[in-house]
Amino acid sequence: MSRFARLSQYLNRSGQVLRDNSSRMLRMAGADEPSREPLTLWNFNSQEQLSNFATGCDGDIGGTSTVHLELDKSTQPRPSAKFWGEMKLAARPGYEGRVRGGYAGFRSKPRPTLFGEITEDVSNYRFLALRLRAAGHPRTRNSYYVNIQTDGPITSDLWQHRLFFQRDDGGWEDLFIPFNSFVLTNTGEISSEQVTMYRERVRTIGISLLGGNSGVEGTYELGIDSIRAVNEEDVTTPMQKAPSDGTQWQRHPV
């Protein structure tokens with residue numbers, strides 16, 4: 001992305017924050033009861049929406065895995081994102097013993113403005129809802145994690161939960177994860193002191209594939225349609241209650 005395009009995005013975000021804050025003041029939104037309507041955090045249905053995400057993998061630092069995040073126009077009823085590539089555990093020559101392979105991921109980019117960074121307040125919601133489809137090699141389907149970064153004092157803190165898929169035919173499914181089931185990690189290890197997630201200011205959300213945890217290699221593919229925050233009345237499938245076991249290994253952040 002060019003410097004001019006980045007500046008344009010920055011100014012557009014700043015203008016949107018100003019308009020939103022002015023609208024809330026005029027409506028006295030703070031005096032209303034908190035809304036329980038589902039909150040859409042991210043849609044993945046256009047190239048413009050996908051430009052808000054960054055990708056990374058062990059191949060960036062000496063590994064051999066690959067990563068892509070592209071718009072798949074073949075999905076119905078609308079286009080969606082396709083996160084795909086090849087998971088490999090080997091390192092490139094000269095990096096053996098220095099880099100551990102088996103990592104690929106994407107996350108939303110920080111959104112700075114003239115008035116501070118845009119964050120999401122999900123404190124009035126109990127569940128993170130993801131509409132996904134798991135394809136690729138069957139070995140890779142049980143190694144996905146969803147990651148949340150909040151606006152806390154330690155920037156390397158990451159809240160994680162493993163994604164458990166019910167379907168094995170590559171079809172779409174809705175996953176509902178209680179926010180209180182996420183586990184706090186730091187640089188790939190479970191933090192010894194678990195604290196409550198700071199849900200009032202969510203900075204970034206992403207998904208990673210951690211083949212290094214279980215020695216998994218092969219082609220991977222994950223379809224992503226949307227990520228939302230919801231409450232009990234919007235949960236349409238059994239919720240995922242099993243806690244994450246964390247990444248358990250040092251990996252390069254996206």
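Contact record, S65 with C57: O-SG, 3.3 Å, taken as the closest heavy-atom pair. Residues S51 and K109 come closest through the heavy atom pair O-NZ, 3.0 Å. The shortest heavy-atom contact between L69 and F53 is CD2-CB, 3.8 Å. In terms of heavy atoms, D234 sits closest to R36 at OD2-O, 4.0 Å. The shortest heavy-atom contact between G59 and R92 is O-NH1, 3.0 Å. Between T140 and H137 the shortest heavy-atom distance is OG1-O, 2.8 Å.
Between atom CD1 of residue I118 and atom CZ of residue R201 there is a gap of 10.5 Å, rounded to the nearest 0.5 Å. Atom-to-atom distance recorded for R133:CZ and R141:CZ is 10.0 Å, nearest 0.5 angstrom. To the nearest 0.5 angstrom, L41 atom CG is 6.5 Å from L128 atom CG. Atom CD of E221 is separated from atom CG of D72 by 7.0 Å, given to the nearest 0.5 angstrom. Between atom OH of residue Y103 and atom CE of residue M87 there is a gap of 9.5 Å, rounded to the nearest 0.5 Å. Distance CD1/I224 to CG/N43: 12.5 Å, rounded to 0.5 Å.
Of the listed residues (S192, S191, S156), just one forms a side chain to side chain donor-acceptor pair (under 3.5 Å) with N186, and that residue is S156. When each of I205, I207, L50 is paired with F106, the side-chain contact (heavy atoms from CB on, under 4.5 Å) condition holds for I207 and for no other. Checked against S208 for a side-chain contact (heavy atoms from CB on, under 4.5 Å), the options V67, N147, V146 give a single hit: N147. With E120 as reference, R111 is the one residue of R228, R203, R111 to meet the salt bridge (Lys or Arg N to Asp or Glu O under 4.0 Å) rule.
Residues F127 and Y198 are members of separate hydrophobic clusters, defined by side-chain heavy-atom contacts under 4.5 angstrom among Ile, Leu, Val, Met, Phe, Trp and Tyr. Grouping the Ile, Leu, Val, Met, Phe, Trp and Tyr side chains by contacts below 4.5 angstrom, directly or via other members, places V99 apart from V216. Under the 4.5 Å side-chain heavy-atom criterion for grouping Ile, Leu, Val, Met, Phe, Trp and Tyr, W84 is not connected to Y144 through any hydrophobic cluster. I154 and L184 end up in different hydrophobic clusters when Ile, Leu, Val, Met, Phe, Trp and Tyr side chains are linked at under 4.5 Å.
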Worked verdict on T150 versus T119 for side-chain contact (heavy atoms from CB on, under 4.5 Å):
CA-CA 8 Å; T150 62; T119 59; over 6 Å; no
Begin from the C-alpha positions of T185 and W159 and carry the test side-chain contact (heavy atoms from CB on, under 4.5 Å) through to its verdict.
CA-CA 6 Å; T185 69; W159 297 87; over 6 Å; no
Checking side-chain contact (heavy atoms from CB on, under 4.5 Å) for the pair R131/W172: CA distance, chi angles, key distance, verdict?
CA-CA 7 Å; R131 183 158 180 80; W172 290 103; 3.4 Å; yes
Begin with the C-alpha distance, continue with both residues' side-chain angles, and end with the deciding distance and a verdict on side-chain contact (heavy atoms from CB on, under 4.5 Å) for L132 and F165.
CA-CA 9 Å; L132 308 170; F165 295 95; 4.0 Å; yes
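At least one side-chain heavy atom of M197 sits under 4.5 Å from a side-chain heavy atom of I148. Using a 4.5 Å cut-off on side-chain heavy atoms (C-beta onward), S108 and N52 make no contact. Annotation: side chain of T55 is not in contact with side chain of H68 (no heavy-atom distance under 4.5 Å).
Proximity of a side-chain donor or acceptor of R100 to a complementary backbone N or O of D58 within less than 3.5 Å is not detected. Side-chain N or O atoms of R126 include none that pairs as donor or acceptor with a backbone N or O of E232 at under 3.5 Å. A donor-acceptor pair under 3.5 Å links the side-chain atoms of E217 to the main chain of L89, judged by distance alone. The backbone N or O of N124 sits less than 3.5 Å from a side-chain atom of N231, completing a donor-acceptor pair. Counting only distance, with no hydrogens or angles, the side chain of Q149 and the backbone of T155 share a donor-acceptor pair below 3.5 Å. Side-chain atoms of R162 never come within 3.5 Å of backbone atoms of Y145 as a donor-acceptor pair (strictly under, hydrogens ignored). Put simply, the side chain of T66 never gets that close to the backbone of G85: no donor and acceptor are under 3.5 Å apart. With hydrogens and angles disregarded, no donor-acceptor distance shorter than 3.5 Å links the side chain of N45 to the backbone of S80. Panel note: side chain T64, backbone A90; a donor-acceptor pair is recorded below 3.5 Å. Looking only at distances, a side-chain donor or acceptor of R199 sits under 3.5 Å from a matching main-chain atom of S123.
Checked by atom type, the side-chain pair T237/D174 shows no donor-acceptor distance below 3.5 Å.
Counting heavy atoms of neighbouring residues, nucleotides and ligands inside a 6.0 Å radius, atom CD of E96 exceeds 12 of them.
Between R78 and D225 a salt bridge is recorded (basic side-chain N to carboxylate O distance below 4.0 Å).
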